[in-house]
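Read the structure below first, then the notes.
In what follows, every chain begins at residue 1, and chains take the letters A, B, ... in the order their sequences are listed. Because the structure is a prediction, the values reported are computed rather than measured.
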Number of protein chains: 2
Amino acid sequence: MPAVTLSEVARAAGVSPATASRVLNGSSRTPGADIAERVRAAAAALGYIPNAQAQALARSSSGLLGLIVHDIADPYFSSIARGVQSAARELGKILLLTSTEGTPAEERLAVEAFTSRRADAIVMAGSRSTRTEDSLDNAALKRETERYLANGGSLVLVGHDLVSPEGASDHGSPSGPEDADLEASFAPSPLLVSIPNEFLARELGLCLSDEGFSRFAIVAGPEGLMTSDLRVSGFQMALGEKGLQEADVLRSAFNRDGGYDAGGALEASVRAAVERGDRLCIFAVNDRMAMGVVAALRQKGLHAPTDYAIAGFDDINTLEDFIPGLTTVRLPLEEIGRKAARAALTGEDPLPAAGEVILRESTGRRA
Amino acid sequence: MPAVTLSEVARAAGVSPATASRVLNGSSRTPGADIAERVRAAAAALGYIPNAQAQALARSSSGLLGLIVHDIADPYFSSIARGVQSAARELGKILLLTSTEGTPAEERLAVEAFTSRRADAIVMAGSRSTRTEDSLDNAALKRETERYLANGGSLVLVGHDLVSPEGASDHGSPSGPEDADLEASFAPSPLLVSIPNEFLARELGLCLSDEGFSRFAIVAGPEGLMTSDLRVSGFQMALGEKGLQEADVLRSAFNRDGGYDAGGALEASVRAAVERGDRLCIFAVNDRMAMGVVAALRQKGLHAPTDYAIAGFDDINTLEDFIPGLTTVRLPLEEIGRKAARAALTGEDPLPAAGEVILRESTGRRA
DNA sequence: GATACGAGGGAATGCGCTTGCCAAGTTCCA
DNA sequence: TGGAACTTGGCAAGCGCATTCCCTCGTATC
């Protein structure tokens, strides 16, 4: 029972496929009212649904918007996804989703798949990795995106730009001999909804120093994870500006469990501070890590803000009912998603995302 | 700079497009090794990426898996989405996502869009509505899914079946005159990953009675929301079996804020119980509502499990760090997503989802 | 009333790929 | 050694639709 085709509708209406096409899908030429009505009636009666694949092939525009995230179950990304979806709906596009688990290799695959699908635009969110073990995959990812762009696609990155191969672009690229030189100057480049991680982390650092904290520890993701690294450096920068000692950096996985592990490791420092009559202020580079830290320390009988202070980053919506209310940096994630999608689809360069420090109970006065 | 096509590759390799097609895309016929190598080399050199639209058109299989959820930013759905994505990856499909905000009208649109895209399979998750104001849209949704199925699509519902129009199927349908009779018996029907909401809510009710609670209140979603209604009735059923009085039902929005509102409204009852030296046990029909209730009551100075007890449903992963640890019914959401996707893609009938009551601090002994 | 012009409908072509079919070349057994 | 039975490329016909070009017919203009 194959689907009803346009020519069947046309035959039923007693017109040519060309005419049927013109009335059913917004063409510049509008057939006469009576005919149009007949065609529409026939289409309705037969339950005609256009074959989007065929349309895409004929028009060479697919109506697809690709979204690449690290983990769709992570509230950070699912909020962005929500924004992207809402923009896609408004613009009449439908969403292609890939959740990559964060590896550049998977991201490359996703870009390839979307290219193959001829997605009109792609939004790629999530931290880049500057680790050397990822550099090959990063380079491959970069080439893949360039190919996509060269084929007329539109790409917007959320967060930061792709990492370029070490040797910059002035050495001839080792693989493609000539195209690097010839096309480089004309090659379209991805747009960027930048998230000022470093700047905002610095703001947070300044705020917290102003609150009177003087001893800090940072719970970060693995070295080479760009988002984490920037937040760390921004925060340290603030401490430096305030004439404070640099914070110790504890590295673990960039998620809740990583935070939990780090929290356990911080017990001694927290207790030491308490015994000195002081409080350690912990900055976890994202909210989920912060939640993990809090959970671990609570198990040890240590509580914020009484025994220590803690701040996160992102202001994921999960935080709403978390105790203690967590100081953090709000990122308008859904809005960022919307913006990215609109930029990708309309081609206009987006503004960087805004963000703001939100002080809550977790860095408040000692209970 | 249009993308490179198969025939360009073929020409470069000095073979026919047919041969090139056979070597590049898994065909049953594999050309000779030397030729294959030549073609592969040419494809690599030119950076060929097959046009999936054209392939889909020619093969009449798109390699697309559609996913329809109410709200992708809701952890309930994003967990399911994660499972679906992982199954899709394993089976070499790519995901089409629509987040509908829960209205049957939007869901119908999504099914139509996926049909148009010729998605190989669709997974639709989220509660159905039995409200009369939705009955028209429900009927339209049902017709749309039937059309999709009739066109050879495969549909899996997560949760419960579609709601059928009132008059059952024995009256001739008012719209399509003959096809209702003729095709009805052969019409393929959607598969179902059923979630035993009623059964599990009953289990929860039994557990809580066994814990010694005797006065209950239920915080439910709006009447007519099937998931909510079933959880309410299952719970009440348990109370009846235990010879307890039926619980009062408070209705509000099926989300965190709805729970918050209901929590405020429950203050008096909670206090009354406390003054009697008793504790009210609240069952919120989903975790997010439960979190809202807790937040509202906390603002009034009331805490679980000291002043009242509370249980939720779903065991969304956000709960991990929620205080107090919330008694709930665990649903293996990611697993459910995987199962649904596999069923949709392979066509085999899935088993119902399992679930289990998880007792935690929120219904424990009085602090 | 003849000419010019515009509007509306249809035939044909192509989007990029798959695949049934055919012809030519091989292998193998009687 | 002569086919029978396979292989293996290539040819061509679509898949379902948009769109260009052409043709016809109706109407306005003088």
What's the [atom1]-[atom2] distance between [X] and [N], to the nearest Å?
X        : N      : atom1 : atom2 : result
A:Asp34  : C:dG8  : CG    : C1'   : 11 Å
B:Asn51  : C:dG16 : CG    : C1'   : 6 Å
A:Ile49  : D:dC17 : CD1   : P     : 11 Å
B:Arg59  : C:dT19 : CZ    : P     : 7 Å
A:Leu24  : D:dG16 : CG    : P     : 16 Å
B:Arg11  : D:dG10 : CZ    : C1'   : 16 Å
B:Arg118 : C:dC17 : CZ    : P     : 20 Å

Q. Which part of the nucleic acid does A:Ser60 contact within heavy-atom distance under 4.0 Å: base, sugar-phosphate only, or nothing?
A. nothing

Q. Across the strands shown, which category fits A:Pro50 at heavy-atom distances under 4.0 angstrom: base, sugar-phosphate, nothing?
A. sugar-phosphate

Q: With DNA chain C as reference, determine whether B:Thr19 or B:Leu57 sits nearer its 5' end, using the nearest nucleotide of each.
A: B:Leu57

Where the side chain of [X] is defined as all heavy atoms beyond and including C-beta, which of [options] is the nearest nucleotide?
X       : options                : result
A:Ala18 : D:dC15, C:dA11, D:dA18 : C:dA11
B:Ser16 : D:dC17, C:dT18, D:dG10 : D:dG10
A:Leu6  : C:dT19, D:dT19, D:dC17 : D:dC17
A:Val15 : D:dC17, D:dG10, C:dG10 : C:dG10

Q) Of all residues at least two apart in sequence or in a different chain, which pass the side chain to side chain contact (heavy atoms under 4.5 Å, CB included) check with B:Ala140? A) B:Arg108, B:Arg143

Q | Salt-bridge contact A:Arg11-A:Glu8 (side-chain N to carboxylate O under 4.0 Å) | A | no

**Q.** Carboxylate-amine/guanidinium contact B:Lys142 B:Glu107, below 4.0 Å
**A.** no

(Q) Between D:dG10 and B:Arg22, counting only base atoms on the nucleotide and side-chain atoms on the residue, is there a donor-acceptor pair under 3.5 Å? (A) yes

Q | Short side-chain N/O contact from A:Ser21 to OP1 or OP2 of D:dA18, under 4.0 Å | A | yes

Q. Are the side chains of B:Met124 and B:Val156 in touch, meaning some heavy atoms are under 4.5 Å apart?
A. no

Q) Does any pair with a residue in residues 48-73 of chain B pass salt bridge (charged side-chain N to carboxylate O under 4.0 Å, His left out), and if so which ones, sequence neighbours excluded? A) A:Arg82-B:Asp71

Q. In terms of the nearest nucleotide of DNA chain D, which residue is placed more toward the 5' end: B:Ile35 or A:Gln55?
A. B:Ile35

